[in-house]
Amino acid sequence: MVQLYNLHPFGSQRVVPCQQQPAHFCCGQDVLFVASAGASCRVEVFALRDQGCCEPLGSFATLGPVLRMAHSSAGDYLVTIEEKSKATFLRAYVNWRCMSAGSSRVCVRMVGHKMEESYSETLKEQMSVVEMPLSDPPLCISCCPINGDLLVGCRNKLVIFCLKYLVINQNLTVLDFERSLILHIDNLIPAEVAFCARHIAITTELEVLILKLELVQQSADRTEQRAQGVSALEKTVDGGVKDESPSAHTSQLELDEFIICQKPVELLGEESKLCEIPITLEFTELPTEDTKHFQVQYLLFRRFTPDQSPFGFCEETKLHSVQLLPVYQTGSSATAYEETENKRELLSLFCFFSLPHVGYLYSIGKLVELISTYQYSEKSEQAVLTPQFLHVITSESLQCFTVRCSAAAARDEDPYIDTVVKVDYSRTYKNVKTESCIHLLSEAHLLVRAAIMDPHSLKSDEREELLRAFRESCAFLGDCYSRFDTKDYHLALPYYRMSGLSMTEVLERLVSEGDEIQTYERGLIFYLTHSLNEDLNEELSKESGNKILEIFHLADPVQLPHILCSPCMRNVCPLTAVKYLQKVEKMMPSVVLTLTKAFLALKMGDLIMYEHEMHSYKETTLACGFTGQPRLLRQHKGGIVMPTEFAVHLKEMQPGLLVAATVALHENSKIELEEADTFFKMLCSNGENAVPQLLVDFWEALLVVCSQEDILEKLLLRVISQYVWRISKKQLPETKPLKTTEDLSLLCSQSVNVASALPVLEPLPEGDRVGLAVRVLCQTRLGRWEAAIDQLLSGCPGAAVPYAQHQLQGDNQVCSSQ
């Protein structure tokens, strides 16, 4: 946030010539309403034209002086709170544009009044005033910018009127309202309210409460639901009196001697339930099948205390200018305020409210959080929030601040676009390297972000120019955050990403400064580390790769083995890389570093060096070492798992180490079972459906160490299926299995689900001795001994008697043990 001194985004200024002294005003999309002061009870309407021209449209009389008024873009109606004879009235002025056509006819009707078709035909050419009676005087009003519903604040309650479009006939549709919901809130006198997308913001003199009405599934005949605020500090006692503390019994005489102020409180999200403000919902619309029912969700509660001075408390410390600002999603772009022909989808929602000397801006969309605070140099009277600026009328001037609504909405649309709400631009400051200038640029570019997100305000060529400026600005800020020692160094990554620059281009910008950099800041290391670890398709040149080696050797030598395994570093000079690794090894030796040196030795064809490195540790240690950097064995290219040269060499020379390393990767969640299957199939080039022996070796080894039941079941079925296929096809494995027959006998256990394995055994020939033995074993495991004996009698009668004796002997052992 930055204040713009003596600068406002206004192209011109116009003085509106009112016939009477103005008291209140409000704006619609293209109109200005001005309510007269004193006894002249009229509202003048002006059309806002291009080049700042204000053209009078006419005026209309009100019942009495206007106390509050608001315009709704949805429905294009004006709603007022008027006073007459010490009574207040709520009225909505519909079809008021008829005045510009010269019509002076006015129809006054009660809300919900059934209109006859013959009578309604006259509504086409006249303004209608809809009276909305209330049991309590209305204090404040707000219109939802999305659907035109009306929220009215009264003492101890809020009333919602739904905007209705009554189709009289094919040529006439009339606006009306229906009172649908009342929120009863004890001990509440709302000073201001805001209403948008079922979100409600309420302010009293020193408290702010933000709610959301959530849709719930209910029966149509249920007319009342109670949503109680959770109180952790108060307990209800007999008679409904709340006993807050022993001091509650203090005599009134003692209390009169003090000013009692509650402590300031800020509760966000779920914690806001603790605000101790119970709310009762009363549904008042006629129940139908389409009736919507709601429950209250608390989003934010904040309580302030009066400003203190040596002379006591300032009575003028009051909240004002509460506002809900929606940002919409339209197609692939976001926009604020503007109507579009397509249906608007709410992307983000923001709430602003202000004290006399400070304003607060919260995001209340997916996450409730404070975005910005605004310090005023003078006492504020009123403030208005727009997607680009916060305008504040103070006792002396009009102050203007940039806001972060558009940037925050962009982050909601794409969370990766930035980790802090900043995006910035100014070619003027690209060589200035101070935190203050970065901050100024950040705030200035919020205007560019807002303009980009508004698809209607720019022509196509202007938008392209703006996008180019945006990308260039991101590159400048990437430079700043990568070269300065700043706590926000991690912003170098999203800025460079949004700029569209490749790593090569970023390195060129780094070198183009002229002077050779001797130290590299955290922002550059953060950007390079993440870029190299994300398996990008960019292959760096030999020169760029060597430059990165130099950078990491000076700034973060521990990362050298890891960045050398990136596919981007494929063209780096192996000899240069080994020299850097040898320097690091003297200070910080590791298994990953040794494996990386062995990998580079293979690239250079130096088998002597390779053997030396691989004999530095035991094979089990080497296998576990691959978990520190899995890309030594496999890399991703275009979403496909590709074995490395290291994996190809191990397959030929040390298949046992390759299998053990892959098992270690799986057990450390560095490779999934299906990914490992693809890896071995690609490595052995057996085709997508063929199962190489090395993959079977991996399954068998994983069976010994895996403890996950679901994985074990998959492995057993795969191994059994492969064994059955080889037996039925009389097919020998293409390579020598790593497990012997004795090793495999260890795998025979009660783990396999025989019932699920039966379909896999179907290919086994029934007349074959192996097939018969397996089927009898399965029948036995299932407890079907008679079926097993029948199979033996038909296939191998001589084995039936020994089998029966063996089973009886087993039963006797069980009985004796019991």
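Owing to the predicted nature of the structure, the values given are computational and were not obtained by experimental measurement.
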* If you draw the axis of the six-membered ring of Phe60, does the NZ or CZ of Arg42 fall within 45° of it and under 6.0 Å from the ring centre? -> no
* Asked: What class does the angle between the rings of Phe304 and Phe353 fall in, given that below 30° is parallel, 30 to 60° is tilted and above 60° is perpendicular?
  -> perpendicular
* Ser85 side chain to Ala87 main-chain N or O, any donor-acceptor pair under 3.5 Å? -> no
* To do: For the pair Ser142 (side chain) and Phe195 (backbone), establish whether a donor and an acceptor sit closer than 3.5 Å, ignoring hydrogens and angles.
  => yes
* Sort and list the pairs that fulfil salt bridge (Lys or Arg N to Asp or Glu O under 4.0 Å) and have at least one residue in residues 378-388, not counting sequence neighbours. => Glu316-Lys379
* Under the 3.5 angstrom rule, does the side chain of His24 hit a backbone N or O of Val66 as a donor-acceptor pair? -> yes
* Aromatic ring pairing Tyr376/Phe401, orientation class (parallel under 30°, perpendicular over 60°, tilted between) -> tilted
* Asked: Stepwise, does the side-chain contact (heavy atoms from CB on, under 4.5 Å) test hold for Ile160 with Ile200?
  -> CA-CA 10 Å; Ile160 295 178; Ile200 298 173; 4.3 Å; yes
* To do: Kindly say whether Glu266 contributes a backbone atom to a donor-acceptor pair with the side chain of Arg302 at under 3.5 angstrom?
  => no
* Full working for ring-ring contact (aromatic ring centres under 6.0 Å, His included) between Phe33 and Trp96 -> CA-CA 11 Å; Phe33 298 91; Trp96 52 267; 5.0 Å; yes
* To do: Grab the two heavy atoms, one from Ser363 and one from Ile371, that are nearest each other, plus how far apart they are.
  => CB-CD1, 3.5 Å
* Asked: Tell me, do Phe350 and Ile364 make a side-chain contact under 4.5 Å, heavy atoms counted?
  -> no
* Asked: Is the ring centre of Tyr77 less than 6.0 Å from the ring centre of His71?
  -> no
